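Here the structure comes first, spelled out in structure tokens, and everything after it is commentary.
Letters A, B, ... mirror the listed sequences (proteins, then strands); counts begin at 1. Owing to the predicted nature of the structure, the values given are computational and were not obtained by experimental measurement.
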Amino acid sequence: MLTIPYLRDHSEEAIQRLAIKNFDQIDLIHEIISLDDERKTIQQSNDETLAEANRLSKQIGSLYKSGKSEEAGQLKIRNAGLKEQAKQLNERLAEIKSLIYDKLIEIPNTPHLSVPHGHTPADNEIVAEGGSMPQLPANALPHWDLITKYDIIDFEWGNKVTGAGFPFYKGKGARLQRALINFFLDQADSAGYTEVQPPLLVNEDSAYGTGQLPDKEGQMYAIGLDNLFLIPTAEVPVTNIYRDMILSENDLPYKNVAYSNCFRREAGSWGKHVRGLNRLHQFDKVEIVQISTPETSYQTLEEMRTHVAGLLEQLELPYRIVKLCGGDMSFASALTYDFEVFSAAQKMWLEVSSVSNFESFQANRMKLRIRDKNGSIRLAHTLNGSALALPRIVAALLENNQTDEGIRIPKALQSYTGYETIK
RNA sequence: GGAGGAAUGGCAGAGUGGUCGAAUGCGGCGGUCUUGAAAACCGUUGAGGUGCAAGCCUCCGGGGGUUCGAAUCCCUCUUCCUCCGCCA
């Protein structure tokens, strides 16, 4: 959520930046500002009314003490009128505030000025490439055939026990999964991230804090009976640790890494492109989260980007880093790098990580602030990124490393898997 | 799940109807002293809104109520503690 002072004082800049996201409802900004003007006016008369009522109360008190109960009684009547007035003003105030809020949450975050204009993934900008393309034999198999051939992931079991999109990993497949998780966590640990194991269910406040609610309700599985939500990413519980906090600038940056299961309903998104491991309802992900200052957050973003690229290098996967165009970015992001690996048998680029700077957009909504050396308080910047999402990494590893002798495991992973080949 | 108790500023902890946004201690910040540091001493130190400012308003877990007036009384929700039950 953007702040009203920003929209007031930098409306030109806001409009310019929002245009990158193809957001042109400029009226909304003006409506918010004029509603806020009204809010101030009402706030002021409410405050004056309450101030008068407070004065009267004190008088009434001292009149009673000096035995002048008749005069006190008269003031009481006046006070009752003031209270009634304040009540009405207060109701109007609440209405306006919620009106402002409703409009404010319709405005996406302002993209960084370096974000390319555009509407579709075709307008994204490839900023880096790494790894080398494997040379596969003509009879190379896509991963959904490889997992059957080597019996390492079982979709049928999942279909029976839960439903589509909830596979079982088994044998060397399960071990590979566990190896990747440990590899990612160890790498993050070396990079200075503190590991946390978050709850997989969050409450409504947290879902609002990181912006899943109110409008992306359909993305999450909801436990209606208890009003909890299964997390779509560890970003939600981990970032919300810091909700409603004022952090000391000296303690920044906060760096957390979390492994978690992620749950996504992905309603209506099933089709040709989502076979096998390409899209699941439940998957595993290691997520990195940082809380940073406005001055350092873009530096932090680059640091996170380097970290993720390092993981892909070690996994020896061909990858590219894509700076998302305005139209392809998420609502809350100011700048996003997507990492894609090439899955050689499918001949497809698969998104395996998304690293974003949210600037103060999430921080404003969740009241996450920092206090600097001088004691002044301002909003923090929040960032997160996948490091990495497992299923597509598994898909690419399987496809790219298939040989006649089996599937070769990259060196960096071998001490974690305990085997060098899946045969 | 049952019975009791509790929730106050960064932390600890007073406060049971007005003079309380809130004692005191610790911590933080600034200063004196010191070659430097520590100790000691002095000062300062919650958040939000509004206003040029002085000031005014709101907030003592959340919500509602009683009262002229609520941190304080009542209702309710949440969380924590103790005891019992159940259980990985």
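- Using a cutoff of 4.0 Å between basic side-chain nitrogens and carboxylate oxygens, A/Lys103 and A/Glu106 are not scored as salt-bridged.
- A centroid separation of less than 6.0 Å is found between the aromatic rings of A/Tyr193 and A/His307.
- Taking the C1' atom of each, B/G31 and B/C20 are spaced 30 Å apart, rounded to whole Å.
- Here A/Arg39 lies in heavy-atom contact (under 4.0 Å) with sugar-phosphate atoms only.
- Rounded to a whole Å, the CG atom of A/Asn46 is 15 Å from the P atom of B/G51.
- Considering OG1 of A/Thr194 and NZ of A/Lys255, their distance stands at 9.0 Å, rounded to 0.5 Å.
- Here the nucleotide nearest the side chain of A/Asn79, chosen from B/C68, B/G51, B/G49, is B/C68.
- Put simply, CG on A/Leu93 is 13 Å from P on B/C59, counting in whole angstrom units.
- When rounded to the nearest whole Å, the span between CG of A/Asp205 and P of B/U79 equals 12 Å.
- No donor-acceptor contact under 3.5 Å links the side chain of A/Asn54 to the base of B/G69.
- Nucleic acid contact class of A/Arg55 (heavy atoms, under 4.0 Å, all strands): none.
- Remark: A/Lys172 is positioned above the aromatic ring of A/Tyr419, its terminal NZ or CZ atom under 6.0 angstrom from the ring centre and at most 45 degrees off the axis.
- If you check every strand for non-hydrogen atoms under 4.0 Å, A/Leu50 touches sugar and phosphate atoms only.
- One interatomic measurement links the two molecules: CG of A/Asn203 to P of B/G62, which rounds to 16 Å at whole-angstrom precision.
- Here, B/U67 and B/G10 have their P atoms 34 Å apart, quoted to the whole Å.
- Ranking B/U50, B/A47, B/U67 by closeness to the A/Lys40 side chain, first place goes to B/U50.
- For A/Ser57, the side-chain atoms get nearest to B/G69 when compared with the rest of B/G51, B/A47, B/G69.
- Taking the ring axis of A/Trp157 as reference, the NZ or CZ atom of A/Lys170 stays within 45° of it and closer than 6.0 Å to the ring centre.
- Atom name C1', nucleotides B/A38 and B/U34: the rounded distance is 10 Å, in whole Å.
- Across the C1' atoms, B/A71 and B/G61 are found 12 Å apart, a figure rounded to whole Å.
- Between the C1' atoms of B/G30 and B/U19, the separation comes to 31 Å (whole Å).
- If you take CD1 of A/Ile246 and P of B/U45, they are 16 Å apart, rounded to a whole angstrom.
- If you take CD of A/Glu48 and P of B/C57, they are 11 Å apart, rounded to a whole angstrom.
- Comparing the same atom, C1', in B/C77 and in B/G18 gives a spacing of 29 Å after rounding to whole Å.
- Only the C1' atoms considered, B/C60 is 24 Å distant from B/G55, to the nearest whole Å.
- A salt bridge links A/Arg17 with A/Glu359: the distance from a Lys NZ or Arg NE/NH1/NH2 to an Asp or Glu carboxylate oxygen falls below 4.0 Å.
- Within 4.0 Å (heavy atoms only), A/Ile77 reaches no atom of the nucleic acid at all.
- Summary of the strand contacts: A/Lys76 and A/Arg371 both lie near RNA chain B, and taking for each the nucleotide with the nearest heavy atom, the more 5' one is attributed to A/Arg371.
- Distance CD (A/Glu71) to P (B/C68): 17 Å, rounded to an integer number of Å.
- One can place CG of A/Asp47 at 13 Å from C1' of B/C59, the figure rounded to the nearest angstrom.
- Comparing B/A88 with B/U82, their C1' atoms are spaced 23 Å from each other, to the whole Å.
- Set against B/A47, B/G49, B/U50, the side chain of A/Ile377 has B/A47 as its closest nucleotide.
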